[in-house]
Amino acid sequence: MNHFPEAWGRPRDEIYGAYNPTYLPSSLGGAHQPTTRTQSPIVTGTSVLALKFSTGVVIAADNLASYGSLARFTDVHRLKPFNKRAVVGFGGDVSDMQYLDRLLNSLDVEENYTSSTGDSKQGGEEGLVDAPLMSAKNLHTYLAKVMYKRRTDFNPLWNALLIVGLDDQSQPFLASADLLGTTFSAPSLATGFGAHLAQPILRRVVPNEAASRELSREKAVEAIKECMKVLFYRDARSMNEYSIAVVDENGVELSENEKLENQSWAFADRIKGYGTQVV
Amino acid sequence: MTSIGTGYDLSNSVFSPDGRNFQVEYAVKAVENGGTAIGIRCKDGVVLALEKLVTSKLLKKDANKRIATVDRNAGVVHSGLLPDGRHFVSRARDEASSWRGTYKAPIPGSALANRMGAYVQAYTLYNSVRPFGITAIIGGYDAETELSVDGAVGNGPKVGAGGKTQGVKEGGPFLYMVEPSGLYWGYYGAATGKGRQAAKAELEKLKLDPKEGNCISLEEGVKEAARIIYVAHEDSKDKEFELEMTWISSMSGPTKGRHEEVPKALREEAERLAKKSMEGEEEEEEKMEG
Amino acid sequence: MASLFHAPMPSTGPGYSFSAQPTAASAPRQHAGFYPYTDNGGSTLGISGATFTILAGDTRSTSGYNINTRHAPKLFKIGGEGPDNLNARIVLSVVGFAADGNALKERLDTVVKMYRYQHGKEISVHACAQRLSHILYGKRFFPYYVTAILGGLDEEGKGALYSYDPVGSYEREQCRAAGAASSLIMPFLDNQVNLKNQYDPMSGQGLEKVQRVPEPLPKETVEEIVRDAFTSAVERHIEVGDGLQMMVITKEGIEETFSPLKED
């Protein structure tokens with residue numbers, strides 16, 4: 001008889017062979033598994049577009065999350081307001097977006113531990129200054145460092161981000177950060193397919209900073225909406241419902257259920273040379 | 001004091017023969033000297049208010065805030081030993097953030113009160129520590145509308161499995177008070193500190209029980225809170241004080257579900273009314289005497 | 001989808017950064033994984049004179065055939081006071097992988113500011129140059145993918161210029177071009193600054209020919225050479241253009257200018 005109680009009731013080694021623990025975690029005697037890291041995004045969002053105008057910034061992204069070529073989720077909101085003067089737009093992996101959103105939520109809670117007054121007016125009489133609200137520029141610096149740290153750890157957050165809003169001088173701010181930690185800023189920006197399809201259109205509207213200072217809010221929104229339409233025509237991973245946000249001195253105005261309007265497929269008539277159509 | 005000389009009051013975690021923990025009772029004494037702190041649970045929100053005694057003319061006015069934000073939807077006001085209060089707040093923030101980390105949603109008031117009660121109680125069990133020298137009032141608002149899970153994507157199915165049940169109402173304002181023993185109850189109105197007796201008497205006059213109907217509104221609550229702090233201050237009239245007030249409403253209310261300082265204009269109006277009512281009472285007293 | 005976010009390999013020499021991706025023949029890889037580098041194009045150059053140093057760089061930032069932005073400065077003031085580096089006397093230029101460049105700049109800037117807090121005096125350029133080498137070598141096995149050029153004035157007030165490779169090998173030079181169009185600009189500088197292949201026309205033929213002797217150039221001439229170098233590079237390299245950022249370091253301080261380059 002086997003006198004070790006832990007062996008009772010187990011398959012007998014002499015009949016079944018010794019227990020093979022390799023599938024167990026290494027702490028329980030299993031074979032050592034290599035740590036694995038993100039090598040590619042899984043569920044993804046496509047382009048994000050943004051454009052600076054005289055007093056603020058407009059940003060848009062559609063509501064689709066794709067699983068490869070499958071249109072997996074159609075009500076995913078990829079614009080996240082951070083506070084009254086900053087919005088983040090997410091392209092790329094959706095689970096990494098959710099992680100970053102939670103990170104920003106906890107950051108916002110911590111930012112508001114001290115001096116949270118309803119009226120976020122800066123200053124006030126007797127030099128009683130509310131701790132200033134984190135600006136879009138501050139937020140961009142923070143996110144860029146998060147992204148760069150993660151790529152340096154070989155554990156990237158697979159996103160392309162646009163951070164829009166107002167900087168510490170209350171001037172329009174627009175900058176990007178991606179999975180490598182690369183950052184840049186321009187009067188108009190577009191991630192993913194938008195960099196190819198929308199950016200040329202946007203650059204015609206605002207070729208430089210001076211032009212964006214002259215641009216009205218209406219014209220900016222119109223240009224962005226036009227670009228969303230072009231992207232829906234040509235980007236196979238896009239959809240016709242989208243979110244659009246405007247950030248200016250009055251705060252964030254976010255609409256998450258916009259629909260593309262006035263589409264015309266007349267141009268399709270002129271496309272020839274594909275499939276069975278030969279003439 | 002019955003405890004003195006018996007030796008049973010020297011160590012925490014030691015009962016006296018008649019079943020008392022004197023260290024806890026001494027901690028309560030520490031609270032009894034603190035500035036009055038109150039909380040009012042109104043129909044559509046919660047008000048926290050504090051009589052902040054001015055200990056030195058060299059302190060900057062309106063600075064050194066004492067009512068703390070613990071999470072977006074919850075605040076804490078405390079009376080007693082200030083550093084103990086700071087530690088209590090720090091722990092409450094950790095609890096709120098760790099709850100978010102686990103459940104991806106804000107901590108409900110009941111859970112926060114429960115955890116803080118347990119934490120404070122643990123400081124009555126060991127002889128290497130002393131109990132908290134504070135009584136803390138935790139106020140906030142559990143969202144009534146379904147809050148999206150932090151970072152969640154999409155809205156889920158509109159009907160059927162996983163769909164929303166219609167007409168189920170949950171959430172609402174909450175108010176709890178945690179004492180040095182770790183004891184905590186939920187309250188309609190809570191008061192602690194030096195002027196608690198007067199404050200409680202005033203709180204009891206208010207309509208706060210929702211079952212009895214026409215419960216006072218948040219705006220009325222703000223005015224009552226200011227008045228009650230002024231009433232509670234009567235006994236230590238010679239000392240100067242500042243009134244500190246925060247409030248929280250539902251998502252559809254004035255603070256949009258956030259715990260915030262009461263705007264300056266509203267606070268000053270409430271203070272003006274409070275002072276006026278105090279003067280009114282004095283006149284009446286004079287008339288009666290005369 | 002993955003290809004949308006997949007970063008191209010940085011270049012190992014002249015040519016476009018994105019044409020140098022590994023082919024099946026040269027470097028077989030099991031599957032496309034995460035590659036932590038990219039090349040953001042652009043070029044920088046530095047020339048030192050008798051009493052000044054000039055650094056310059058274009059302001060274009062690229063990803064493959066895309067222009068990220070037309071205004072991404074590659075020259076950074078190092079040290080001085082506050083976030084705007086007031087009264088700084090050292091300039092760092094970085095070209096290559098912009099995110100690494102930024103991280104490197106921030107590290108060196110912090111080090112130089114700390115030096116002043118700890119020693120109560122400004123760091124010398126040669127000490128700063130040595131320190132930069134150490135920072136780069138510190139990441140020898142996961143390098144900052146950048147070519148750095150550091151400029152300032154030495155302790156005698158002469159122009160000082162140091163050039164680096166990505167892992168910290170460095171030397172003090174008269175002039176240096178770096179980045180995407182370095183192979184276009186460097187020979188031009190060899191000829192115009194160090195007067196390579198320039199002979200005294202009065203000297204004889206063949207072995208009799210006498211090489212012209214390089215001398216420190218005046219500031220105006222150097223500025224002209226820099227401008228010419230970049231306008232030419234813009235014509236021949238697609239990753240260079242949009243704007244020219246120049247910083248002139250003299251004992252009076254740093255003078256920074258931006259001027260337009262072709263945006264095509």
Side-chain angles (χ1 to χ4, degrees), chain A residues 36-47 66-70 91-93 141 144-145 147-160 168 174-196 199-200 203 207-209 235-237, chain C residues 1-10 17 29-42 59-74 83-84 94 96-107 138-139 141-146 242-243 258 260 263-264:
Chain A
T36 55
R37 298 279 168 70
T38 310
Q39 294 295 317
S40 58
I42 311 296
V43 178
T44 58
T46 183
S47 323
S66 308
Y67 178 68
S69 59
L70 173 72
D93 194 276
T141 308
K145 295 210 169 194
M147 300 300 276
Y148 183 72
K149 172 73 167 64
R150 290 290 294 262
R151 88 96 214 190
T152 304
D153 293 345
F154 272 89
N155 189 196
L157 291 165
W158 218 288
N159 298 107
D168 22 17
L174 164 57
S176 82
D178 68 7
L179 73 168
L180 293 171
T182 316
T183 57
F184 41 84
S185 182
S188 66
L189 285 176
T191 72
F193 238 105
H196 299 95
Q199 185 67 299
R203 280 197 184 141
N208 49 45
E209 288 287 344
D235 179 359
R237 307 284 173 266
Chain C
M1 201 79 243
S3 66
L4 259 188
F5 294 94
H6 188 263
M9 294 270 289
S17 51
R29 262 202 292 165
Q30 288 298 302
H31 57 131
F34 174 66
Y35 188 74
Y37 293 114
T38 188
D39 189 321
N40 298 106
T59 63
R60 179 175 287 184
S61 164
T62 63
S63 293
Y65 285 116
N66 290 321
I67 295 171
N68 294 327
T69 175
R70 300 191 190 280
H71 189 81
K74 292 179 188 58
D84 296 323
V94 279
F97 175 34
D100 272 351
N102 248 314
L104 180 64
K105 170 211 82 181
E106 298 220 339
R107 273 239 263 163
K139 273 171 68 71
F141 299 106
F142 184 22
Y144 287 119
Y145 227 124
V146 291
D242 294 335
F258 288 94
E263 295 190 352
D264 58 4

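We name chains A, B, ... by the order of the sequence lines, and we start the count at 1 in each one. All values below were derived from every heavy atom in this structure, side-chain atoms included, with hydrogens, water molecules and symmetry-related copies excluded. Just so we're clear, the structure is a prediction, and the values are computed from it rather than from any experiment.
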Exercise for the section: State, with a plain yes or no, whether a side-chain heavy atom of A:F184 is found less than 4.5 Å away from one of C:N40. Expected result: no
Looking only at heavy atoms, which two atoms of [X] and [Y] are closest? And how far apart?
X      : Y     : result
A:L180 : C:A99 : O-CB, 3.7 Å
A:A186 : C:T69 : CB-OG1, 3.6 Å
A:Q199 : C:N68 : NE2-O, 4.3 Å

Practice task
Can you label the angle between the C:F34 ring and the A:W158 ring as parallel, tilted or perpendicular, going by 30° and 60°?
Solution key: perpendicular
Exercise for the section: Mark yes or no: A:R151 above the aromatic ring of C:Y37, with NZ or CZ under 6.0 Å from the six-membered ring centre and no more than 45 degrees from the axis. Expected result: yes
Problem - side chain to side chain contact (heavy atoms under 4.5 Å, CB included) against A:T183, all qualifying residues, sequence neighbours excluded - result: A:H140, A:A144, A:A177, C:N102
Practice task
Tell me, yes or no, whether the heavy-atom count around A:F154 atom CZ, taken from other residues, nucleotides or ligands under 6.0 Å, exceeds 12.
Solution key: yes
Practice task
Please say whether more than 12 non-hydrogen atoms of neighbouring residues, nucleotides or ligands are located less than 6.0 Å from NZ in C:K139.
Solution key: yes
Problem - Top of A:D178, A:N208, A:T182, A:L189 for chain C proximity - count of heavy-atom pairs under 4.5 angstrom - result: A:T182
Exercise for the section: With rounding to the nearest 0.5 Å, note down the distance linking CG in A:D153 to CZ in C:F142. Expected result: 8.5 Å
Practice task
Please flag which part of A:S176 lies under 4.5 Å from any non-hydrogen atom of chain C: side chain, backbone, both or neither.
Solution key: neither
Completion exercise
The ring-ring contact (aromatic ring centres under 6.0 Å, His included) partners of C:F258 (sequence neighbours excluded) come to C:H71
Exercise for the section: Could you tell me whether C:E263 and A:R203 have a side-chain N and a carboxylate O separated by less than 4.0 Å? Expected result: no
